[in-house]
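Read through the structure below, which is laid out as structure tokens, and then see the notes.
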Amino acid sequence: MVDIPEGYGPDDELDPEAADPLYLQLAAVLISRIEGGTYPLGRALPGVDRLVQEFGLARGTARKTLVLLAELGYVRTVVGKGSFVIEREPEEQSPNSPEGDKPTA
């Protein structure tokens with residue numbers, strides 16, 4: 001599982017000198033926009049060309065970010081149409097998590 005860096009807001013710029021790779025920085029910004037309502041359920045995210053233009057990225061970096069967001073369950077990609085925000089499935093609790101240790105009555 002990939003760790004998305006924290007602390008990125010919807011209007012943050014990407015920093016090529018940062019320790020986090022650009023695709024993870026972009027993922028953090030887009031997730032912030034999704035969770036903040038800039039991109040509501042059913043809405044298409046900007047396409048690769050738009051992300052390249054807005055963030056000054058290579059096409060491969062923008063593509064990698066959209067693939068990652070699909071893998072994480074934030075978007076569904078439709079070939080030829082774009083990547084659309086979807087409702088995320090709740091993460092399953094592991095039996096070793098604190099929520100799994102609640103006493104039963």
Side-chain angles (χ1 to χ4, degrees):
M1 187 64 149
V2 174
D3 287 327
I4 301 297
E6 296 184 17
Y8 287 89
D11 299 320
D12 284 350
E13 293 185 16
L14 307 186
D15 180 3
E17 303 298 320
D20 297 312
L22 289 172
Y23 82 99
L24 291 180
Q25 292 180 50
L26 178 58
V29 169
L30 293 177
I31 288 169
S32 176
R33 289 179 182 182
I34 290 168
E35 292 176 348
T38 301
Y39 304 127
L41 289 177
R43 178 149 178 213
L45 291 183
V48 170
D49 291 336
R50 178 71 181 117
L51 292 172
V52 166
Q53 182 180 28
E54 181 177 350
F55 292 97
L57 301 169
R59 290 179 58 79
T61 302
R63 264 191 243 108
K64 187 172 184 176
T65 301
L66 294 175
V67 168
L68 176 62
L69 291 178
E71 289 173 356
L72 294 174
Y74 284 95
V75 300
R76 178 177 52 88
T77 300
V78 178
V79 177
K81 299 269 185 194
S83 296
F84 298 85
V85 177
I86 60 173
E87 188 168 349
R88 288 189 75 208
E89 296 291 324
E91 294 184 30
E92 291 186 31
Q93 297 294 327
S94 71
N96 297 328
S97 70
E99 289 80 11
D101 292 337
K102 291 182 182 175
T104 57

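Along the sequence shown, residues are numbered consecutively beginning with 1. This is a predicted model, so every value here is computed, not measured.
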Judged by atom type as modelled, is there a donor-acceptor pair below 3.5 Å linking the side chain of [X] to the main-chain atoms of [Y]?
X	Y	answer
T61	Y23	no
R33	P10	yes
Q25	D15	yes
R43	T38	yes
E89	G73	no

From [atom1] ([X]) to [atom2] ([Y]), nearest 0.5 Å:
X	Y	atom1	atom2	result
E87	R76	CD	CZ	13.5 Å
R88	I34	CZ	CD1	9.0 Å
L68	L30	CG	CG	10.0 Å
L22	F55	CG	CZ	11.0 Å
L24	K64	CG	NZ	7.5 Å
L69	I4	CG	CD1	7.0 Å

Show the nearest heavy-atom pair for residues [X] and [Y], with the distance to one decimal.
X	Y	answer
V48	L66	CG2-CD1, 3.9 Å
D20	P5	OD2-CB, 3.3 Å
A62	L51	CB-CB, 4.0 Å
A44	F84	CB-CE2, 3.6 Å
L14	L26	CD2-N, 3.8 Å

(Q) Between L45 and V78, is there shared hydrophobic-cluster membership here, with clusters defined by ILVMFWY side-chain heavy atoms closer than 4.5 Å? (A)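 Result: no, two separate clusters.
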Q: Kindly work out whether a path of hydrophobic side-chain contacts (I/L/V/M/F/W/Y, heavy atoms less than 4.5 Å apart) joins I86 to Y74.
A: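 They do not share one cluster, since no chain of ILVMFWY contacts under 4.5 Å joins I86 to Y74.
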Q. Do P46 and Y39 have side-chain heavy atoms sitting under 4.5 Å apart?
A.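 A side-chain contact under 4.5 Å exists here.
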